[in-house]
Amino acid sequence: MTPTAYAEPTRPVRAGWIAAFAGVWLGLWMAQLVPVQVLLPLQIAAQHASDDWLVSLVAYGLVSAVAGTFVVVAYPIVGALSDRTRSRFGRRRPWIFGGVVVASVGLALLGIQTETLGTVVMWTAVMLGFCMASAALTAVMADSVPAGQRGLVSGWISAPNALGILLGIVLVTAVFTTTASGYLALAVCNLALAVPVLLVLRDVPLTDAEAALLGPLTARTILSSIWVDPRRHPDFAWTVASRVLINLGNAIATTMLLYFFTFALRVADPTGFLVFTTVIYMVVTIVASVALGKLSDVVQRRRVFVLASGVAQAVSALLLAVAPAESTAVIGAVLLGLGQGCFFAVDQALATQVLPSAETRGKDVGIMNIALAGPQAFGPLLGAGAVVLFGGFAGLFLASGLAGLLGSVIIMRVRSVR
C-alpha cells in the first residue's frame with residue numbers, strides 16, 4: 001500500500017535510522033546547550049566588566065529571556081507550517097534543513113559580537129533555528145516511529161543531550177579556546193551531523209486530499225489552529241504543564257552552575273569542575289535514557305517513570321540547597337543524570353501519545369516543545385532573580401527542587417497513557 005502522511009506508523013525503524021536521528025540531535029544540543037552553559041556567560045561577562053558578578057549574571061538572564069520570547073511564539077507556528085508544507089522532499093525535511101542552517105549561521109556570527117545588542121540578535125537567530133529543526137524532528141518521531149518503539153527512540157534524543165554538553169564543553173574549552181572559534185566549531189558540527197538524517201528520512205509528502213483537511217494556508221488558520229482546548233484534551237494539557245515545571249526546575253539550576261561553582265563554592269578551576277561533573281552526568285544520563293526508555297516500552301508504562309525522574313531531579317537540587325559542597329555537587333550530578341535521562345526518554349514518548357490528532361502533529365509537538373524551550377530560555381533570568389532575591393544560591397536550588405517535584409506529581413493526572 002502507498003504510505004500516507006497521516007497513517008499511524010507500524011513498521012519499526014532500523015538501527016541506521018536511529019543513529020542518524022541521534023546524530024542530528026547531538027549537533028542541535030551542542031549548538032543550543034554549550035553556549036548556555038559556557039560561551040554565553042563568558043561572552044557576556046566580557047561585555048559587562050564589573051566588580052559585581054551579579055551584573056553579568058542578570059545580563060545573561062535577560063539575553064536568554066529575549067531569545068526565549070521569540071521561540072515560545074515561534075514553536076507552534078513553525079509546527080503548524082510544517083504540517084502544511086508541500087514539497088517533494090516532504091513536510092519535515094525542509095524545516096530540519098532550514099533550521100540547522102539558520103542556527104549554524106547564527107552561531108558563526110554570534111562569536112564576533114562585542115556588544116549586548118548584537119549578542120541578543122544572533123542568539124535569537126540560533127534559538128529560532130533550533131526551534132525550526134527540533135519542532136520538525138519531534139514531529140518526525142510521531143510520523144515515523146511506532147508507539148511501542150518510542151521509548152527507545154526517545155532515549156536517543158536524551159543521550160545526545162548529555163553527550164553533546166560534554167563534547168561541546170571540551171571542544172570550546174580545550175580545542176578551540178577563543179569564543180569566536182568555539183562558536184564556529186559548534187556551527188560546523190551542527191551542519192555536519194544533520195546530513196545523515198536528511199538523507200535517510202522517509203518523509204511522505206501530503207496528498208491533495210490530506211492537505212484539504214487542514215484548510216487554506218493563511219495567517220488566520222495558522223493562528224487559530226494553535227489553540228488546543230484543555231477541556232477537550234486534558235491529557236495534553238497536563239503533559240504540557242508537567243513538562244514546563246520539570247524543565248523549569250532543571251533549567252534554573254543547571255544554567256547557573258558555572259556561577260555557583262565560581263562564586264559560591266569558589267572552586268579553583270570552575271570550568272574544569274563543570275567538565276568533571278558533566279562527565280558524570282553524561283554517563284549516567286546515557287545509560288538511564290536508553291535503558292529506562294526501552295524498559296518503559298517493555299512494561300508499557302510511562303507515567304511512573306516521569307514521576308520518578310522528577311523526584312530524582314528534585315532531590316539533586318535540594319541536596320545542593322542544604323549542603324553546598326564539591327562532594328554534594330558530584331552526588332547531585334548522578335541524581336540529575338538519572339532523573340534527566342529517564343525524563344527525556346520517557347516523557348517524549350508519552351507526549352507523542354497524547355497528541356490531539358494526526359493531521360496537526362507538527363503544531364501540537366510545537367506546543368509541547370514550548371515546555372522545553374521556554375524554561376531553558378527563561379531559566380537563566382529566573383535563576384538570576386532567585387539568587388538576587390534570596391541573597392544566594394540556596395533559594396535557587398530550593399525553587400528548582402520544588403518545581404521538579406510538582407511537575408512529576410502532575411503527570412499522574414494523565415489518564416490515556418499508563
Side-chain angles (χ1 to χ4, degrees), residues 33-66 68 116 119-120 123 165-166 168-170 172-174 177-179 182 248-281 313-337 375-404:
L33 294 176
V34 176
V36 168
Q37 293 279 358
V38 179
L39 293 179
L40 273 176
L42 295 175
Q43 185 176 19
I44 292 170
Q47 295 171 358
H48 295 81
S50 171
D51 293 334
D52 187 358
W53 58 272
L54 286 174
V55 173
S56 65
L57 185 145
V58 173
Y60 166 49
L62 289 171
V63 168
S64 186
V66 171
T116 301
T119 303
V120 169
W123 180 238
I165 295 174
L166 175 63
I169 289 177
V170 171
V172 303
T173 59
T177 55
T178 66
T179 301
L248 183 62
N250 175 265
I252 62 177
T254 57
T255 55
M256 294 287 110
L257 283 179
L258 188 58
Y259 290 99
F260 175 64
F261 293 157
T262 303
F263 300 107
L265 298 187
R266 299 194 180 279
V267 177
D269 180 12
T271 303
F273 190 65
L274 179 63
V275 173
F276 172 65
T277 53
T278 302
V279 170
I280 298 172
Y281 165 83
Q313 192 171 297
V315 172
S316 171
L318 295 175
L319 184 63
L320 289 174
V322 300
E326 291 183 35
S327 58
T328 52
V330 173
I331 297 171
V334 174
L335 291 172
L336 184 62
Q376 287 180 342
F378 291 99
L381 181 60
L382 295 175
V387 172
V388 173
L389 179 64
F390 297 111
F393 287 89
L396 167 79
F397 290 119
L398 283 172
S400 169
L402 291 175

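These numbers come from the heavy atoms of this one structure, side chains and all, not from hydrogens, waters or symmetry mates.
The heavy-atom pair separating W123 from P35 by the smallest distance is CZ3-CB, 3.6 Å. Here the closest heavy-atom approach between residue L319 and residue G332 is recorded as CD2-N, 4.4 Å. Between G401 and A314, the closest heavy-atom pair is O-CB, 3.2 Å. Residues A321 and A394 come closest through the heavy atom pair CB-O, 3.6 Å.
Evaluated for a side chain to side chain contact (heavy atoms under 4.5 Å, CB included) with V279, the options L166, I165, I169, V170 yield exactly one hit, L166. Just one of F260, F276, F261 meets the side chain to side chain contact (heavy atoms under 4.5 Å, CB included) condition when paired with V267; it is F261.
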For this session: Could you walk me through whether L336 and N250 pass side-chain contact (heavy atoms from CB on, under 4.5 Å), step by step?
Result: CA-CA 9 Å; L336 184 62; N250 175 265; 3.4 Å; yes
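At least one donor-acceptor pair under 3.5 Å links the side chain of T328 to the backbone N or O of A323. With hydrogens and angles disregarded, a donor-acceptor distance shorter than 3.5 Å links the side chain of Y60 to the backbone of V36. Without hydrogens or angle criteria, T277 side chain to F273 main chain gives a donor-acceptor distance under 3.5 Å.
The line from CG of L40 to OG1 of T119 is 7.5 Å long, rounded to the nearest 0.5 Å. Separating the CG atom in L320 from the CG atom in L265 is a distance of 8.0 Å, to the nearest 0.5 Å. Rounding to the nearest 0.5 Å places OG of S400 at 13.0 Å from CZ of F393. Taken to the nearest 0.5 Å, the OG1 atom of T179 stands 6.0 Å off from the CD atom of Q43. Atom CD1 of I44 is separated from atom CG of L62 by 9.0 Å, given to the nearest 0.5 angstrom. To the nearest 0.5 Å, the span separating OH on Y281 from CG on L274 amounts to 11.5 Å.
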